[in-house]
Amino acid sequence: MTIRTRFAPSPTGQMHVGNLRTALYAWLLAKSQGGAFILRIEDTDQARKVEGAVDFIYNILADTGLTHDEGPDKGGEYGPYTQSERLPIYKEMSEKLIELGGAYRCFCTPERLDSVREVQKEAGEQQKYDGHCLHLSPEEIQKNLDANLPFVVRQKMPLDGATTFDDEVFGEITIEHSTLDDLILMKTDGFPTYNFANVVDDHLMKITHVVRGSEYLISTPKYNLLYQAFGWTPPKYVHVSAVMRDAKKKLSKRDGDANYRDFIEKGYLKEALLNYIALLGWNAGDDREKFTLSDLVEAFSIAGISKSPAIFDEQKLRWLNGEYIRELSAEAFQKIAEPWIRTVVKSKTADVAYLCTLLQKRTEILSEIPEKVDFIEEIPEYSVELYTHKKMKTNPENGLQSLKILQPALEAFEPWDHAEMYPMIVKLAEVNDINKKKLLWSLRVALSGKALTPGGGTDLAAIFGKSESMRRLNSAIDKLEKEE
RNA sequence: GACCCAUUCGUCUAGUGGUUAGGAUUCCGGCCUUUCACGCCGGCGACAGGGGUUCAAGUCCCCUAUGGGUCGCCA
């Protein structure tokens with residue numbers, strides 16, 4: 001029997017990274033064993049529906065490479081794959097379940113339910129349905145139905161005993177039936193709840209392994225009771241623990257930047273992001289940390305999933321992203337870096353390709369590029385104290401001296417060849433009996449107006465070209481002379 | 001509050017009765033160097049606490065603590 005897993009998001013907007021990780025694990029489980037990955041849209045809550053959210057899900061799955069074999073857009077043998085299009089199925093199934101004795105109609109109003117809960121809360125009791133409609137006679141039920149009273153369908157829980165199931169990650173879990181509430185399966189609006197739809201659909205769609213967040217761990221026995229009532233075989237369960245923002249808070253949509261798209265917009269590469277979230281709560285059993293998607297397919301196994309919640313560490317993501325950036329070819333890096341460079345550098349003459357070779361080893365996330373290159377467009381206001389560097393024993397006075405040595409040499413330097421410039425300056429330092437580092441430090445400050453730059457003085461000269469370099473050099477000399 | 005689950009360096013983790021408790025990241029040193037970064041080398045840093053079981057416990061059991069989850073006509 002081939003493995004079938006599913007990703008079943010509700011179309012409520014952004015793709016949270018915890019959600020993405022669940023999708024990744026489900027996809028990996030299927031693909032690592034030659035199985036199928038199914039996308040199902042769980043839109044049973046009409047109030048929470050968000051326009052465009054389904055397309056957004058398609059885009060992310062396509063973008064990350066977690067492609068599905070069956071889904072609303074691709075079809076498949078077990079469709080429709082959108083729950084709002086399966087309403088007749090749930091209706092039929094719920095009626096069947098009532099016949100089977102696994103469920104009953106409940107005509108209680110939300111107001112009555114609230115007050116029951118209120119009373120239970122005051123008394124310090126467990127809050128659960130009080131069974132009011134459980135023993136309605138067939139006549140009473142018919143009367144209510146004839147009166148068109150709205151009703152929900154509730155699952156009838158056994159009163160005693162316990163259900164045990166064996167989770168693939170957490171092991172054996174046992175829940176006493178006495179703690180179970182009679183779940184609502186069908187709402188008054190004719191839509192199923194998750195509690196019902198997931199069971200019906202997972203069964204009908206022949207899902208073999210249910211991968212989902214650990215918040216469902218405790219409800220799983222309720223679902224198994226449903227399977228049992230129908231006479232179906234439950235799937236295997238793979239519950240994965242939460243992704244946390246910090247030790248106390250779960251990563252949540254409300255925290256703002258936990259979304260896939262936000263990370264991409266901040267300049268993270270999708271490969272790095274995916275790699276990182278794979279590692280949050282899973283490991284290959286060895287020391288490897290860098291995985292392509294196909295590496296993951298090869299290495300993935302349920303045994304590597306850990307039980308405890310993992311805190312999302314953006315610092316480590318940054319590092320991983322840097323690793324991915326450094327592995328890019330020069331062309332590939334320039335392609336993704338140039339748009340970021342162009343947000344601040346408008347110059348047509350600056351050598352962007354060369355700039356990129358300098359930037360590549362100095363970039364962890366793309367969004368830090370603009371601040372690194374802003375001096376290229378326009379030299380910032382800077383203090384001549386930048387010429388002071390203790391270790392190199394430089395200061396504005398000898399800085400000026402250095403620039404005056406460099407000025408005629410560079411003026412005469414033809415062609416403006418970067419590879420030749422550095423040895424030329426080294427030689428120039430020797431001739432003038434001055435430390436080459438003094439010359440280079442001053443040159444860098446003169447060209448950039450900054451203490452930290454990608455690359456050194458000759459690198460900057462290469463980026464700017466001769467005319468702009470000489471312009472900056474001369475104006476630096478002017479500036480220093482004025483200060484004297 | 002009740003129930004379920006978890007707990008190894010700050011963080012992600014390896015570890016399935018006998019290890020100097022390993023790796024990665026962060027941080028700190030050093031080397032390299034045209035500033036910074038990259039790279040390389042090194043360092044700091046953990047078995048939540050208490051009881052058992054055992055010749056031997058991070059590994060098994062119990063209790064406590066802490067944290068998370070669930071208790072919706074949300075999923």
Side-chain angles (χ1 to χ4, degrees), chain A residues 8-10 12 42-45 47-48 106 108-110 113-114 117 120-121 124-128 150-154 167 169-171 173-176 178-181 183-189 191-195 197-198 212-221 239 241-242 244 246-250 276 279-290 304 306-320 322 326 358-364 372 386 389 391-392 422 425-426 436-437 439-441 443-445 448 450-460:
Chain A
S10 39
T12 54
E42 308 222 328
D43 58 347
T44 55
D45 186 351
R48 294 208 309 160
C106 169
C108 293
T109 61
L113 262 19
D114 283 345
R117 270 194 285 265
Q120 288 169 336
K121 196 177 173 184
E125 289 169 17
Q126 187 188 355
Q127 294 175 44
K128 55 190 275 192
F151 66 89
V152 300
V153 176
R154 278 185 190 273
D167 185 81
V169 173
F170 285 87
I173 307 284
T174 300
I175 304 283
E176 299 290 330
S178 60
T179 65
L180 267 28
D181 197 2
L183 290 180
I184 290 177
L185 267 21
M186 294 293 289
K187 305 186 248 186
T188 47
D189 64 0
F191 278 74
T193 59
Y194 169 85
N195 302 125
N198 96 85
R212 58 160 61 132
S214 62
E215 64 269 27
Y216 295 102
L217 197 58
I218 201 173
S219 343
T220 300
H239 285 97
S241 51
M244 310 288 289
D246 58 43
K248 298 191 175 184
K249 265 190 295 176
K250 195 172 151 182
Y276 179 71
L279 255 24
L280 272 183
W282 172 84
N283 76 87
D286 51 38
D287 283 343
R288 284 183 293 168
E289 291 201 298
K290 286 168 69 186
S306 61
K307 301 181 199 177
S308 37
I311 296 172
F312 192 96
D313 181 7
E314 192 164 349
Q315 250 178 351
K316 187 147 185 181
L317 206 210
R318 282 184 79 99
W319 164 77
L320 228 206
R326 273 168 249 137
L358 298 171
L359 238 28
Q360 192 167 357
K361 287 196 185 324
R362 283 164 252 251
T363 304
E364 279 193 317
K372 289 184 195 298
L386 270 189
H389 191 288
K391 220 171 140 190
M392 281 183 259
Y422 182 70
I425 290 179
V426 170
K436 66 178 180 183
K437 290 195 177 188
L439 250 36
L440 289 161
W441 175 267
L443 177 61
R444 200 168 49 76
V445 172
S448 69
K450 293 179 100 174
L452 302 183
T453 53
T458 63
D459 294 311
L460 300 183

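Keep in mind the model is a prediction, meaning the values are calculated, not measured. Throughout, a chain's letter reflects where its sequence line sits, starting with A, and its residues are numbered from 1.
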- Item | B:U70 pairs with, by Watson-Crick or G-U criteria that keep both distances under 3.5 Å | B:A2
- Spacing between A:R326 atom CZ and B:G39 atom C1', to the nearest angstrom: 9 Å
- Base, sugar-phosphate alone, or nothing: which one does A:Q126 contact when heavy atoms must sit under 4.0 Å apart? nothing
- Query: Applying a 3.5 Å limit to both distances, which nucleotide forms a Watson-Crick or G-U wobble pair with B:G45?
  - Reply: none
- Message: What's the gap between B:C36 and B:G49 when it is taken at their P atoms, as a whole Å value?
- Response: 42 Å
- How would you label the contact of A:G213 with the nucleic acid (heavy atoms, under 4.0 Å): base, sugar-phosphate, or nothing? nothing
- Message: Expressed as a whole number of angstroms, how long is the span from A:K307:NZ to B:U8:P?
- Response: 13 Å
- Scan A:Y216 against the nucleic acid and name what it touches under 4.0 Å (heavy atoms): base, sugar-phosphate only, or nothing. base
- Message: Checking the side chain of A:D181 only, and the main-chain atoms of A:L183 only, is there a donor and an acceptor separated by less than 3.5 Å?
- Response: no
- Which part of the nucleic acid, if any, lies within contact of A:S306, taking any heavy atom under 4.0 Å across all strands shown: a base, the sugar-phosphate backbone alone, or nothing? sugar-phosphate
- Please measure how far the C1' atom in B:C44 lies from the corresponding atom in B:U11, and state the result in whole Å. 16 Å
- Message: Once you apply a heavy-atom cut-off of 4.0 Å, does A:C106 come out as touching a base, just sugar-phosphate, or nothing?
- Response: nothing
- Query: Using a cut-off of less than 4.0 Å, is there contact between a side-chain N or O of A:W319 and OP1 or OP2 of B:U25?
  - Reply: yes
- Item | Nearest-neighbour nucleotide for the A:L452 side chain, B:C3, B:U35, B:G23 considered | B:U35
- Task: Under 4.0 Å between any heavy atoms, over every strand shown, what does A:S219 touch: base, sugar-phosphate, or nothing? Just pick one.
- Result: nothing
- Report the nucleotide, chosen from B:A75, B:A6, B:C4, that has the shortest atom-to-atom distance to any side-chain atom of A:I173. B:C4
- Task: Could you work out the separation of B:C62 and B:A21 based on their P atoms and round it to a whole Å?
- Result: 27 Å
- Query: If we take the C1' atom in both B:U7 and B:C63, what is their distance in whole Å?
  - Reply: 15 Å
- Scan A:A310 against the nucleic acid and name what it touches under 4.0 Å (heavy atoms): base, sugar-phosphate only, or nothing. sugar-phosphate
- Task: Counting heavy atoms from C-beta on, name the nucleotide in B:A24, B:C4, B:C74 closest to the side chain of A:E289.
- Result: B:A24
- Query: For B:U11, does either OP1 or OP2 sit under 4.0 Å from a side-chain N or O belonging to A:K316?
  - Reply: no
- Would you classify A:Y276 as touching base, sugar-phosphate or nothing, given that sugar-phosphate means primed atoms plus P, OP1 and OP2, and contacts are heavy atoms under 4.0 Å? nothing
- NA contact type, A:T453, heavy-atom cut-off 4.0 Å: base, sugar-phosphate, or nothing? base
- Item | Modelled atom types, side-chain donor and acceptor of A:R212 and A:N198, under 3.5 Å | yes
- Quickly work out the A:L317 CG to B:A24 P distance and round it to whole Å. 19 Å
- Message: Within this structure, what is the CG-CG distance for the pair A:D459 and A:L358, rounded to the nearest 0.5 Å?
- Response: 4.5 Å
- Task: Take atom C1' in B:A14 and the same atom in B:C71, then report the distance between them in whole Å.
- Result: 36 Å
- Message: One thing to verify: whether A:K316 and A:D313 come together as a salt bridge, which I'm taking to mean a side-chain N less than 4.0 angstrom from a carboxylate O.
- Response: no
- How close or far is atom C1' of B:U35 from atom CE of A:M392, stated in whole angstroms? 6 Å
- Task: Find the distance A:L180:CG to B:G72:C1' and express it as a whole number of Å.
- Result: 15 Å
- Item | Interatomic distance where CG belongs to A:D313 and C1' belongs to B:U26 [whole Å] | 8 Å
- Message: Categorize A:P454 for me: base, sugar-phosphate, or nothing, with a 4.0 angstrom heavy-atom threshold over every strand shown.
- Response: base
- Task: Give the nucleotide from the list B:G72, B:U35, B:C74 with an atom nearest to the side chain of A:I184.
- Result: B:G72
- Message: Looking at A:S178, is its backbone amide N or carbonyl O close enough to the side chain of A:K128 to form a donor-acceptor pair, meaning the two atoms are under 3.5 Å apart?
- Response: yes
- Query: What integer number of Å spans the P atoms of B:G23 and B:G15?
  - Reply: 15 Å
- Message: Starting the side chain at C-beta, find the nucleotide from B:G39, B:G69, B:U35 nearest to A:E215.
- Response: B:G69
- Query: Where the side chain of A:R362 is defined as all heavy atoms beyond and including C-beta, which of B:C36, B:C12, B:A6 is the nearest nucleotide?
  - Reply: B:C36
- Query: Across all strands, who's sitting opposite B:A75 as a Watson-Crick or G-U wobble pair, both distances under 3.5 Å?
  - Reply: none
- Looking across every strand, which nucleic acid part, if any, lies under 4.0 Å from A:R117 by heavy atom: base, sugar-phosphate, or nothing? sugar-phosphate
- Message: To the nearest 0.5 Å, what is the distance between CG on A:L217 and NZ on A:K307?
- Response: 10.5 Å
- Nearest to side-chain heavy atoms of A:K361, which nucleotide of B:G22, B:A37, B:C73: B:A37
- Do you know which two heavy atoms are closest between A:T44 and A:K187, and how far apart they sit? O-NZ, 2.9 Å
- Message: Checking contacts here: which listed nucleotide (B:A75, B:C12, B:U35) is nearest the side-chain heavy atoms of A:T193?
- Response: B:A75
- Can you tell me how far P of B:U16 sits from CG of A:N283, to the nearest Å? 13 Å
- Query: Does B:A75 have OP1 or OP2 sitting under 4.0 Å from an N or O in the side chain of A:K187?
  - Reply: yes
- With sugar-phosphate meaning primed atoms plus P, OP1 and OP2, does A:K372 contact a base, only sugar-phosphate, or nothing at under 4.0 Å between heavy atoms? nothing
- Roughly, in whole Å, what's the span from CZ in A:R318 to C1' in B:G10? 18 Å
- Whichever of A:T363 and A:V152 has its nearest RNA chain B nucleotide further upstream toward 5': A:T363
- Task: Determine the contact category for A:T44: base if any of its heavy atoms lies under 4.0 Å from a base atom, sugar-phosphate if only primed atoms, P, OP1 or OP2 are that close, otherwise nothing.
- Result: sugar-phosphate
- Message: I want to verify a distance call: between B:C4, B:A6, B:A24, whose nearest atom is closest to the A:I218 side chain?
- Response: B:C4
- Can you tell which of B:C12, B:C73, B:C74 lies closest to the side chain of A:L280? B:C12
- Message: I'd like the P distance from B:C27 over to B:C47, given in whole Å.
- Response: 23 Å
- Query: Given that A:M186 and A:R444 both sit by RNA chain B, which one's nearest nucleotide is further toward the 5' end?
  - Reply: A:R444
- Item | Same-atom distance (P) from B:G10 to B:G52, integer angstrom | 28 Å
- Scan every strand shown for a Watson-Crick or G-U wobble partner of B:A65, both distances under 3.5 Å, and answer none if you come up empty. B:U7
- To the nearest 0.5 Å, tell me how far A:D114 CG sits from A:T109 OG1. 8.5 Å
- Both distances under 3.5 Å, Watson-Crick or G-U wobble: report the partner of B:G39, or none. B:C31
- d(A:Q126 CD, A:L180 CG) to nearest 0.5 Å is 8.5 Å
- Keeping the roles fixed (side chain from A:T179, backbone from A:E176), state whether a donor-acceptor pair exists under 3.5 Å. yes
